[in-house]
Amino acid sequence: MPLPSVIHGAKQCTVNCKRTGIRCKNPCAFGSKRACRLHGSHRSKNVLKGANHPQYRHGERTKDSIEEHQKTQLRLHTLEEIGHHIKLFVEGSPRTRGRKPTGWEPLDLNDPNQLALAILKTIKE
Ligand SMILES: [Zn+2]
């Protein structure tokens with residue numbers, strides 16, 4: 001028998017019992033769309049972040065450091081494109097290989113507006 005809150009329109013937990021195969025009848029908890037408090041739902045403010053998280057090792061793969069790395073890669077790639085455009089490098093010198101950094105958009109550096117935009121991208125905030 002589902003709880004009264006489920007009967008009155010609350011979302012029901014979608015987890016099926018491992019032993020019986022019957023769907024859990026508890027209401028979804030803490031704003032979750034999927035699970036009740038017994039099946040993995042939790043308050044987001046209780047999630048440990050950064051150095052307090054149990055999987056934290058060295059801080060190189062935190063969301064903040066990954067975002068910082070992506071910004072740096074984008075800045076370096078833009079600087080390389082500007083360098084090739086102003087013929088800073090030897091003619092025909094190889095460009096950095098591989099996938100372009102996240103957020104990269106090819107710019108037409110002959111257009112002064114786009115060149116100014118590219119230079120603004122390279123400035124560290
Ligand atoms: Zn449940």
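We count ligands from 1, going down the list as the structure has it; atoms in each ligand are counted the same way.
- Rounding to the nearest 0.5 Å places NZ of Lys63 at 10.5 Å from CD of Glu67.
- Take a cut-off of 2.8 Å around the Zn ion (ligand 1): the protein N, O or S atoms inside it are Cys13 SG, Cys24 SG, Cys36 SG, His39 ND1.
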Only pairs under 3.5 Å count here: list side-chain donor-acceptor contacts from residues 88-98, not counting sequence neighbours, and write none if there are none.
| from | atom 1 | to | atom 2 | distance (Å) |
| --- | --- | --- | --- | --- |
| Ser93 | OG | Val90 | O | 3.0 |
| Arg95 | NH1 | Glu81 | OE1 | 3.1 |
| Arg95 | NH1 | Glu81 | OE2 | 2.9 |
| Thr96 | OG1 | Glu80 | OE1 | 2.7 |
| Thr96 | OG1 | Glu80 | OE2 | 3.3 |

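- Remark: His42 NE2 to Ser32 OG distance equals 8.5 Å, nearest 0.5 Å.
- Annotation: the span from His69 atom NE2 to Leu74 atom CG amounts to 11.5 Å, rounded to 0.5 Å.
- Interatomic distance, CD of Gln114 versus NE2 of His85, reported as 10.5 Å (0.5 Å rounding).
- If you run side chain to side chain contact (heavy atoms under 4.5 Å, CB included) between Leu115 and each of Ile119, Leu117, Asn113, only Ile119 comes through.
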